[in-house]
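See structure below.
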Amino acid sequence: MHYVPTEYRYRGPMTRALITGITGQDGAYLAKRLYDIGYTVAGILRRTSVPGQLKKLEWVFGGKIPESIELFYSDLTDAPSLTRIVHDFVPDEVYNLAAQSHVGISFQSPVSTATANALGPMNVLEACRSMGSDAPRFYQASTSEMFGKVQECPQNEATPFYPRSPYGVAKLFSYWLTVNYRESYDLFGCNGILFNHESPLRGENFVTKKITQGLAQILKGKREFIELGNLEAKRDWGHASDYVDAMWRMMQQKKPEDYVIATGIQHSVRQFCEVAADRLNLNLEWQGEREHEVGYSRTLGQTIIRVSPQYYRPAEVETLLGDPRKALKQLCWLPKYTFETLVQEMIDHDLLEQSGGLS
Ligand code: GDD
């Protein structure tokens with residue numbers, strides 16, 4: 001079969017986008033972004049018995065998800081259903097954001113992580129490919145975790161990969177699969193190699209949210225302390241709303257390529273704690289060493305952070321720092337948030353939530 005590169009297709013203002021993982025942090029921000037610029041948006045979500053699955057999506061839309069946003073129940077492991085959805089909805093662009101996204105949990109659950117993060121994208125790619133000359137453009141949520149034990153600093157699109165977790169290894173598979181479908185079938189497929197990106201919508205078991213939500217709860221007297229793992233890990237933290245904009249920009253290029261999306265600035269988990277505590281006037285003081293280290297609040301007169309080895313990972317990614325120059329130049333992408341405004345927004349949100357202001 002001959003595949004017509006999608007760059008030659010007419011792409012009007014009512015472009016149709018299908019987002020897997022639409023209920024997650026990135027899915028919600030991306031849905032809002034695309035909806036605001038006139039896209040017809042649809043999303044795929046997994047059925048769950050846990051209530052509140054649409055909370056993030058509702059939040060970005062100020063409480064109510066627009067009726068025009070179609071939601072399909074499916075799963076990345078359900079190839080026939082994905083194919084049916086793609087054939088029914090006929091998207092121009094498919095953003096594959098669904099994944100088991102927690103690196104630590106991937107050590108405990110490697111097979112389900114690989115199924116969702118490696119075979120899942122293959123199913124989505126196959127569904128796209130089955131559209132023949134109508135194949136949509138495809139975005140794969142690749143990750144800086146693929147750099148793992150970093151081979152150079154900072155990391156750019158040419159840096160060799162060295163993943164350090166089942167999560168990173170599975171993501172590397174889908175990265176190369178996207179490249180392979182691009183080269184084999186002329187499919188417009190691009191990888192966004194996104195460094196850590198956070199927001200008020202971040203899940204509660206990621207370190208940034210654990211810190212901002214935990215400190216807000218401590219301040220409101222709802223808990224005594226939080227427990228963290230490796231305080232020395234360094235990350236290049238940006239804001240999810242900036243990063244979904246980069247995803248969209250990649251998909252509007254003439255040629256499909258892969259891009260590093262990062263701020264180019266790095267902080268440690270320890271520094272994140274310090275900035276967050278500072279914003280809350282907690283007067284944080286570190287005492288002790290290694291697993292006996294604690295963060296003491298002089299304002300409250302109590303220990304508010306403890307180190308617990310249960311959060312150490314069997315193999316750690318000690319440092320990540322991205323070089324976003326290609327994205328800055330080719331995509332004209334520029335993040336609006338700084339590290340400080342990111343932390344501030346998360347703190348403000350969590351304080352309001354703990355005061356009952358968001359219920
Ligand atoms: N989650 C967590 N919880 N991490 C902790 C904790 C803790 O209590 N204490 C220290 N850390 C350290 C982790 O060991 C890691 O080095 C760092 O904080 C960041 O952890 P996470 O916030 O869980 O994010 P991540 O870097 O492992 O992965 C995130 O970013 C990737 C992009 O680089 C996720 O969003 C991935 O899905 C994404 O691909």
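Whatever order the structure lists ligands and atoms in, that order sets their numbers, starting from 1.
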For Phe272, is there any backbone N or O sitting under 3.5 Å from a side-chain donor or acceptor partner on Trp237?
no
Heavy-atom contact under 4.0 Å between Ile226 and ligand 1?
no
Considering residues, nucleotides and ligands other than Glu318, do more than 12 of their heavy atoms fall under 6.0 Å from its CD?
yes
Tell me the protein heavy atom at minimum distance from atom 15 (C) of ligand 1, and give that distance in Å.
Arg235 NH2, 3.4 Å
Once you restrict to heavy atoms under 4.0 Å, what part of Glu316 touches ligand 1? Side chain, backbone, both or neither.
side chain
Hey, can you tell me if Phe72 and Phe89 have their rings parallel, tilted or perpendicular (30° and 60° cut-offs)?
perpendicular
To which protein heavy atom is atom 28 (O) of ligand 1 closest, and what is the distance rounded to 0.1 Å?
Val103 CG2, 3.6 Å
Under 4.0 Å between heavy atoms, the region of Leu228 that gets near ligand 1 turns out to be both
Between His239 and Tyr337, what is the ring plane arrangement, given parallel below 30°, perpendicular above 60°, and tilted in between?
parallel
Which of these passes side chain to side chain contact (heavy atoms under 4.5 Å, CB included) with Ile19: Asp26, Leu34, Ile44, Ile69?
Leu34
Just wondering, more than 12 heavy atoms not from Glu289 lying within 6.0 Å of its CD?
no
Main chain of Tyr181, side chain of Ser184: is a donor-acceptor contact present, judged purely on distance under 3.5 Å?
no
Shortest protein contact, atom 22 (O) of ligand 1 (heavy atom only)
Val207 N, 2.9 Å
Of Ser101, Ala262, Ser308, the residue with the heavy atom nearest atom 37 (O) of ligand 1 is Ser101
Using modelled atom types and a 3.5 Å cut-off, is there a donor and acceptor pairing between side-chain atoms of Arg313 and backbone atoms of Ala315?
no
Atom 33 (O) of ligand 1: which protein heavy atom is closest, and how many Å away?
Ser144 OG, 2.4 Å
Just which atoms of ligand 1 are under 4.0 Å from any heavy atom in Tyr311?
8 (O)
Using a 4.0 Å heavy-atom threshold (strictly under), name the region of Asn205 that reaches ligand 1: side chain, backbone, both or neither.
backbone
Side chain Ser297, main chain Leu282, donor-acceptor under 3.5 Å
yes
Heavy-atom nearest neighbour of atom 9 (N) of ligand 1 within options Gly229, Ala141, Gly168, Gly322
Gly229
In the protein, which heavy atom is nearest to atom 30 (O) of ligand 1, and how far is it?
Asn196 ND2, 3.1 Å
Hey, is Asp350 close enough to Lys209 for a salt bridge, meaning N to O under 4.0 Å?
yes
Relative to Tyr311, does Lys210 satisfy both conditions: NZ or CZ under 6.0 angstrom from the six-membered ring centre, and within 45 degrees of the ring's axis?
yes
Ligand-residue contact atoms, ligand 1 with Leu194, heavy atoms, under 4.0 Å
32 (C)
Close-contact set for ligand 1 against Ala233 heavy atoms, below 4.0 Å:
16 (O)
I want to know whether Phe147 and Tyr162 have ring centres closer than 6.0 Å.
no
Residue selection (non-hydrogen contact nearest atom 21 (P) of ligand 1) among Glu318, Arg313, Arg202:
Arg313
For Tyr167, is the nearest heavy atom under 4.0 Å from an atom of ligand 1?
yes
Return the option from Arg270, Lys210, Glu198 holding the heavy atom at the smallest distance from atom 8 (O) of ligand 1.
Lys210
Any idea which part of His197 is under 4.0 Å from ligand 1, heavy-atom wise: side chain, backbone, both or neither?
neither
I'd like to check whether Trp237 has a polar contact with ligand 1, where a contact means an N/O of the residue lying under 3.5 Å from an N/O of the ligand.
no
